[in-house]
Number of protein chains: 2
Amino acid sequence: MKNASPTIRDVAMAAEVSVATVSKYVNGTKRFSPEVESRLKETIEKLGYRSNPLARSMITGRTRTIGLAILDISNPHFTNVVKGANRVALEHDYTLLLVDTEENPARERALIEALAQRVDGLVISSRLSEKESTWMLELNKPVVMLRHSHELTIPTVGIDNRLATYMLARHLLNLGHRRIAYLGFGQASINDERIGGVRDCLSEVGLSLDLYDAHAPTAQAGEQVCSKVLLGPQRPQAVICYNDLIALGFMKEAKALGFRLPNDVSVTGIDNAPYGEYAEPTLTTVDTQSEKMGELATLKLVDALAGRADTAHLILEPRLIVRDSTSVCTDLAAGKT
Amino acid sequence: MKNASPTIRDVAMAAEVSVATVSKYVNGTKRFSPEVESRLKETIEKLGYRSNPLARSMITGRTRTIGLAILDISNPHFTNVVKGANRVALEHDYTLLLVDTEENPARERALIEALAQRVDGLVISSRLSEKESTWMLELNKPVVMLRHSHELTIPTVGIDNRLATYMLARHLLNLGHRRIAYLGFGQASINDERIGGVRDCLSEVGLSLDLYDAHAPTAQAGEQVCSKVLLGPQRPQAVICYNDLIALGFMKEAKALGFRLPNDVSVTGIDNAPYGEYAEPTLTTVDTQSEKMGELATLKLVDALAGRADTAHLILEPRLIVRDSTSVCTDLAAGKT
DNA sequence: TTGAAAGCGCTAACAG
DNA sequence: CTGTTAGCGCTTTCAA
């Protein structure tokens, strides 16, 4: 049976050296006399020895594992975060321990605390407010949060949400839209920032904002809330959605309701999900650089783990991506102001 | 400083019992006298003690971690696999150690071998052929593969690829199409099965099949190859794509080239990716139950880990999902046969 | 019901 | 350059 893997002892005996020598050889810590080196090499090869990472971790205190907690892998934003995190982790010889909390804030703490025990550090995306997140300081492990934050001393990587929606609102104003609605997702802590960005922009020209809420950050939720928005008393000329998924669902239902897009209503998302490009009309959105967020957050963590601490908050710049779901306001074109 | 986490010794001293007693209490192995129990409970609470999973794993030999190796998290098929795997893992108190091999077969082996050392068992999706995968038998860990396989003794979960494409071909034949092309992805080991399914169906009515190949299983690759397919000498009436991503890219480019879909050409994908529903036209596809694949594979592994071995190959049934990207052949409607 | 002692496989001083 | 020794934090016989 090959069942019992050889231990460092087996190698030491077979090669007639001490375990310490084997250990040093395996870790490349020192140099050896040619004969010992070749004997070790040969023996390790023959026995198929691989050092047990658990035992090593117990002593060194490092697991070369990074914990990544996200809210929903099905959401393209997080898919891209994972993509970026995975790449950087592999480059630095780390592995990702992944937890998908499935948009369930009640489970977050327990899951993340359990995760923290098995990793060297964590990258966390959370629905908890900053005040509800103070326990993260007591994990005694380096943490990088995926959000734009100031109150906590936890380093963060995020995008400028206010600017993102400000840009979208400005774009819509430029197209002549005046009745602009924001279709948000109230559970998200960044929702208020996004509302703020739209408000900032609209108030500059003395316009107010209609608010709607989707019950989830998903296409399905966007579909469900669509009729309420478009068939209500004050139909907006343009709708800014919390994310691309909501926007895609919203557009689908709008078309089903008989609206022509973008003529009857302009729609925007946020995130630059890969499939906004394949929708009809193609989706105007703001690129929030999800993959880069995952990369930079992981890099920040790797740096912290290597002693190069860096507690600064990193804020990425959003970039407006204009496609076909937004167009010149037809009310304007028709002279109705 | 709270830096040094309390160990089982600290608890033992503080509660004035032996470490063995603490261990048994923490693991709920035995019963205790009320006074000892309450003292332990209190002490553990006060010290914030949490047992070190590494040390436990070293002795028990189990890490309560499952390794999941996938080819590309950005591909919705794998996104759903991860979703399903994560759910089952959490339900059974396992955590996922994720590796995204980024469609790089050359790296697979090294990454998976490293992964295998840190987990109790693995769920693997690989581009390697069965012959190139024999080394997996020597990992000495339970493995479940995500594919439809027979040669190896490794248990698998997959879908019936032949049937999937057979169904699509039949559907297209029923719509009157005769010149049917398959736009595949040659790197995938299942590509041949999918070709086979189409061929089986077409040969029943004496038709042959045109083959094209995308260089990647992505929307971009679908876009790039589109003109070659549609502007070649023998324009197909219908195209079956290797997956939904290729189909989405193909459709986008087809529209850009001036083709009207589905009138000028019917298109199908495979996978039932979430966004096929939001494309225009909505995408006819075959549901390959990716999420369920992840669930069942993980469940199979959890069972194996619990001693309930089950080496059977599990084959899921594909389901045809007809949407708007396929329609009656217009050549037929125009009387051209 | 509780405790003492022997390790799990490895690394990290410290000697030689 | 190589070996000896002492643990890392925990579980697990085996006694008491």
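Reminder, nothing fancy here: chain letters follow the sequence lines and each chain counts from 1.
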Open item on the list: Once you apply a heavy-atom cut-off of 4.0 Å, does B:Val36 come out as touching a base, just sugar-phosphate, or nothing?
Closed with: sugar-phosphate
Open item on the list: What is the separation between atom CZ on B:Arg118 and atom P on C:dC10, rounded to the nearest whole Å?
Closed with: 14 Å
TODO: Counting heavy atoms from C-beta on, name the nucleotide in D:dT11, C:dC10, D:dG9 closest to the side chain of B:Met58.
DONE: D:dG9
Open item on the list: Donor-acceptor check, side chain of A:Thr60 to backbone of A:Arg56, threshold 3.5 angstrom: yes or no?
Closed with: yes
Task: Whole-Å distance separating the CG atom of B:Asp10 from the C1' atom of D:dC10 - done: 13 Å
Open item on the list: From C-beta outward on A:Thr60, which listed nucleotide comes closest to its side chain: C:dT11, D:dG3, D:dG9?
Closed with: C:dT11
Task: Pairwise distance CG(B:Leu68) to CG(B:Asn86) - rounded to 0.5 angstrom - done: 9.5 Å
TODO: Salt-bridge test for A:Glu113 and A:Arg109: reply yes if a basic N is under 4.0 Å from a carboxylate O, no otherwise.
DONE: yes
TODO: Return the value, rounded to whole Å, for the distance between atom CG of B:Asn52 and atom P of C:dC8.
DONE: 18 Å
Open item on the list: Pick the closest DNA chain C nucleotide for B:Ser18 and for A:Ser51 by heavy atoms, then say which residue is nearer the 5' end.
Closed with: B:Ser18
Task: Phosphate OP1/OP2 of D:dT11: any B:Ser23 side-chain N/O under 4.0 Å - done: yes
TODO: Take the protein atom CZ of A:Arg62 and the nucleotide atom P of C:dT11, then report the distance between them rounded to whole Å.
DONE: 12 Å
- [ ] Ignoring backbone atoms, establish whether A:Ser33 has a side-chain N or O less than 4.0 Å from OP1 or OP2 of D:dT2.
- [x] yes
- [ ] Pick out which of A:Val123, A:Leu296, A:Thr156 makes a side chain to side chain contact (heavy atoms under 4.5 Å, CB included) with A:Leu146.
- [x] A:Val123
- [ ] Take atom CD of B:Glu16 and atom P of C:dA4, then tell me their distance rounded to the nearest Å.
- [x] 13 Å
- [ ] Check whether any side-chain N or O of B:Tyr49 sits under 4.0 Å from OP1 or OP2 of D:dC10, and answer yes or no.
- [x] yes
Open item on the list: What is the separation between atom OH on B:Tyr25 and atom P on D:dG9, rounded to the nearest whole Å?
Closed with: 22 Å
Open item on the list: Nearest 0.5 Å, please: how far is CG in A:Leu301 from CD1 in A:Ile124?
Closed with: 9.5 Å
- [ ] Choose from D:dT11, C:dC14, D:dG9 the nucleotide whose nearest atom is closest to any side-chain atom of A:Lys24.
- [x] C:dC14
TODO: Considering just the side-chain nitrogens and oxygens of B:Arg56, establish if one lies under 4.0 Å of OP1 or OP2 belonging to D:dC10.
DONE: no
Open item on the list: Would B:Glu91 and B:Arg87 count as a side chain to side chain contact (heavy atoms under 4.5 Å, CB included) here? Give the steps.
Closed with: CA-CA 6 Å; B:Glu91 274 168 13; B:Arg87 178 169 316 120; 3.5 Å; yes
- [ ] Take atom CG of B:Asn27 and atom C1' of C:dT1, then tell me their distance rounded to the nearest Å.
- [x] 17 Å
Task: Phosphate OP1/OP2 of D:dG3 contacted by A:Thr21 side-chain N/O (<4.0 Å) - done: yes
TODO: For DNA chain C, find the residues of residues 39-48 of chain A with a heavy-atom distance under 4.0 Å and give them by number; none if there aren't any.
DONE: none
- [ ] For A:Thr65 and B:Arg118, test the side chains for any donor-to-acceptor distance below 3.5 angstrom and give the result as yes or no.
- [x] yes
Open item on the list: By nearest heavy atom, map B:Phe32 and B:Ile59 onto DNA chain C; which one lands nearer the 5' end?
Closed with: B:Phe32
Open item on the list: The side chain of A:Arg9 is closest to which nucleotide in this list: D:dG9, C:dA5, C:dC10?
Closed with: C:dC10
Open item on the list: What's the separation between atom CE in A:Met145 and atom CD in A:Glu130, rounded to the nearest 0.5 Å?
Closed with: 8.0 Å
